[in-house]
Protein chains: 2
Amino acid sequence: MDTGQTNVHRQNGVALWRQIADRIRASIANGDYDATGKVPPEFTLAAQFGVNRHTVRSALAALAQEGIVRSVQGRGTLIERKERLNFPITRRTRFSEGIGDQAREKEGLLLHSAREPASVDLSTRLRIPEGAQVIRLETLRKADRRPVSRSTTWFPADRFGGIEEAYSKSGSITVAFRMLGLSDYLRVSTEVTATHADGADLADLQLSPGAIILVARALNTDTEGVPIQYAVSRFPADMVQFTIEN
Amino acid sequence: MDTGQTNVHRQNGVALWRQIADRIRASIANGDYDATGKVPPEFTLAAQFGVNRHTVRSALAALAQEGIVRSVQGRGTLIERKERLNFPITRRTRFSEGIGDQAREKEGLLLHSAREPASVDLSTRLRIPEGAQVIRLETLRKADRRPVSRSTTWFPADRFGGIEEAYSKSGSITVAFRMLGLSDYLRVSTEVTATHADGADLADLQLSPGAIILVARALNTDTEGVPIQYAVSRFPADMVQFTIEN
DNA sequence: TATGGTTGTCTATATCAATAGACATTTAGG
DNA sequence: CCTAAATGTCTATTGATATAGACAACCATA
C-alpha cells in the first residue's frame, strides 16, 4: 500500500546496513518480491537505497544469518522464509486456537516457574491482596519449530496450585485450566505496545539485535468476571500481527 | 514489571549510544525515574550499561535533542517530558474521544488529499468494485502540540464527496462524517503491527531515526455494516499504547 | 559454448563509534 | 565558603562502518 520510497539515514546511530536489512526484511514479509521469489540484485538495491554495493551485501549477509534469504553465486539472492502470523484478539482469545492452521506444529514450553508475592501492580490487576502468593510461569511458544512468543504469566496461587505441572505436560494454558477444573475463561483486556528487543528476547526468540517486538499485556477472567490470569507476552514484530475484531 | 537488566549489544549495526538512548527513553516513559525527576548520573548509567561515560553522554545528547531531557552542569540530567498516551480500541473507537482528557489540546491537520481508483486490496476491504473512485486523506493528529499519529485514510468517493473540506474545517473524522449526514459509525476490525519509522514518519512525527512506530490498520462501517472508511495510522511506539477491552 | 547477469573476494581509504584519562566548571548543601 | 557530586571539554587511540574500484567465480540460457 505505502511504497516507502524513502531513503536511508546516515549518522543516526543505526548503521546503514542494518537499516537496509530491516527494510528488505519488511519488504519480504510484505510480499513485495513474491513474483520472482528473489530479492532484487545487489547492484539494483544499492542504487535504490543510494549506497555502495558492499553496504547492501552486509545487509543481505545479516538476513542470510537470520535464515531469511540465501545468496547463490550466479543466480541471485533467494527468499528462504516469509511469514507473518496473525493473532486475533477477541473476548475468547486463546493462543493455540488463534494460530489455527497457520502453522502445522504448535508447541508450548515451560521455561521456568516460581511462587512469589504479588506486586502492587499485579495485585490490583488480579484483584487479590497485595503480597498474596502468585504462581509465575515463564513460557515459550513455538509454531513450526520457530519461537513466536515469550510470555510471563501470573495466576493466583490459592486457586491454581499445580498449574506449573499442568502446563508443562500439556503445553497449553487452556488445557491446563481445564485440568484444574476451569472449563472456560474470557479475555477482558489487552494492552499493546512495541519496543526494541532486549537481550533475553534476542536469545529466547532467536532474533537479531535491533529487532522490534510487540508486547501484549493481557488479563483473563473466568465466566464470573473474576481475574484468573495476567500475562505479558512478547512477539517478534516482523513475524506477527494482531487483529482486533469488534 | 520487567526490570530489563539486560546488557547492551555490540557490533550489531545499532550504535551503543542509540541502544542506551532507547532504553533510557523507555525507562522514562515507564516512570522508573519518577521519584527524583532526574535520570541517574552519567557515571552510574555508564556502570549500569557497562560502557564508557562518553557513550552515555552521546545517548543523553540524543535525548536532549528530542527534548526529553535537559542536562544542567552541576545538577544532573532533568526529565523534561514524559508521556505515553493510551488509545482504547473498541467497537466505538474514535481518535479524539479516545485521548479524552489525556491531552488538553487536540488537533487534526489535513496534509494532503486526492482522488484515485481503489487498489485490489482496498476495494476488497471497502467492498467496492476494483478501480472505483476513492478519496484519500493524509492527516496528522496532534495532542498538546505534539504529533501523535500520521494517518492515510480512504473513503468511497461516491458516498463521501466533500469530506476533504469537512475534515479540513473540523479536524475530526467524526465531525466530518456528521457534516455529511452520517451520525454514527463502528470500528469492525483493527490490525496492529510494529515497524521501524521510515523517513516520512521521522519528519511528520518529529522522531529520531531508529524509532519504533505502531501501525494500526482499521476498518469502519456504518451502523448497517457497510464499510465507509479504511485507515492506516502510524503512532510513535514510545508515546502510545493501545488498549483492547473485550 | 559463449555471453550477460549475478554473487564472491580482495585492497585501499576516509569517517564514525567507543574507550580512556585528565581536568575544568557548575551546583547544592553542610 | 569549602567540598562533593554532577556535567562540560579536550586529546589520543582503536575498531567498526562505508565507499571505491577491480576482477574472479558461477549460473542460466540463447
Side-chain angles (χ1 to χ4, degrees), chain A residues 7-24 28 33 35-80 196 208-210, chain B residues 7-24 28 33 35-80 196 208-210:
Chain A
N7 262 330
V8 102
H9 304 273
R10 287 155 200 269
Q11 298 172 18
N12 304 113
V14 184
L16 290 180
W17 64 264
R18 173 144 295 287
Q19 296 182 54
I20 291 169
D22 292 340
R23 294 265 299 264
I24 295 174
I28 291 173
Y33 307 136
T36 58
K38 292 197 295 185
V39 166
E42 295 170 353
F43 184 81
T44 309
L45 288 169
Q48 216 170 86
F49 290 115
V51 301
N52 191 275
R53 182 179 149 233
H54 294 292
T55 308
V56 170
R57 284 179 61 74
S58 299
L60 291 176
L63 294 177
Q65 189 68 26
E66 295 178 42
I68 293 179
V69 300
R70 180 170 53 97
S71 292
V72 180
Q73 191 171 139
R75 289 183 63 193
T77 302
L78 315 180
I79 295 171
E80 288 282 273
H196 285 104
S208 59
Chain B
N7 263 331
V8 103
H9 304 274
R10 288 155 198 267
Q11 299 171 21
N12 303 113
V14 184
L16 289 179
W17 64 264
R18 173 142 296 285
Q19 296 181 52
I20 291 169
D22 292 340
R23 293 266 298 266
I24 296 174
I28 291 174
Y33 307 136
T36 58
K38 292 197 295 186
V39 166
E42 296 170 353
F43 185 80
T44 308
L45 289 169
Q48 213 170 90
F49 290 115
V51 301
N52 192 275
R53 183 178 146 232
H54 293 293
T55 309
V56 169
R57 284 179 60 75
S58 299
L60 292 175
L63 294 177
Q65 189 67 27
E66 294 177 44
I68 293 179
V69 300
R70 179 169 53 95
S71 292
V72 180
Q73 190 170 140
R75 289 183 62 193
T77 303
L78 316 180
I79 296 171
E80 288 282 273
H196 285 106
S208 58

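Naming: A, B, ... by sequence-line order, numbering from 1 per chain. Here the structure is a predicted model, which means the values were calculated and not measured.
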Contacts of B:Arg75 that satisfy salt bridge (charged side-chain N to carboxylate O under 4.0 Å, His left out) - sequence neighbours left out:
none
For D:dT17, take OP1 and OP2 only and decide whether either is under 4.0 Å from a side-chain N or O of A:Ser58.
no
For the helix from C:dT1-D:dA30 to C:dG30-D:dC1, what angle lies between the axis at the first five pairs and the axis at the last five pairs, to 10 degrees?
30°
Is there a donor N/O on one and an acceptor N/O on the other, under 3.5 Å, for the side chain of B:Arg53 and the base of C:dG21?
no
Could one point to a donor on the side chain of A:His54 or the base of D:dG21 with an acceptor on the other under 3.5 Å away?
yes
Side chain to side chain donor-acceptor pair (under 3.5 Å) against A:Ser58, all qualifying residues, sequence neighbours excluded
none
Looking at D:dG8, I'd like to know if its phosphate oxygens (OP1 or OP2) sit under 4.0 Å from a side-chain N or O belonging to B:Arg57.
yes
Is B:Thr77 near enough to D:dT7 that one of its side-chain N or O atoms lies under 4.0 angstrom from OP1 or OP2?
yes
Go through residues 69-76 of chain B and report each residue with a non-hydrogen atom lying under 4.0 Å from DNA chain D, sorted by number.
B:Ser71, B:Val72, B:Gln73, B:Gly74, B:Gly76
Write down the protein N/O and nucleotide N/O pairs, taken from nucleotides 12-14 of chain C, whose separation is under 3.5 Å; answer none if there are no such pairs.
none

If you only use heavy atoms from C-beta on, which nucleotide in C:dT7, D:dG8, D:dA18 is closest to the side chain of A:Pro41?
C:dT7
For residues 39-46 of chain A, tabulate all N or O donor-acceptor pairs below 3.5 Å that involve a side-chain atom, not counting sequence neighbours.
unit_1: A:Glu42; atom_1: OE1; unit_2: A:Arg53; atom_2: NE; d: 2.8
unit_1: A:Glu42; atom_1: OE1; unit_2: A:Arg53; atom_2: NH2; d: 3.1
unit_1: A:Glu42; atom_1: OE1; unit_2: A:Arg57; atom_2: NH1; d: 3.4
unit_1: A:Glu42; atom_1: OE2; unit_2: A:Arg57; atom_2: NH1; d: 2.9

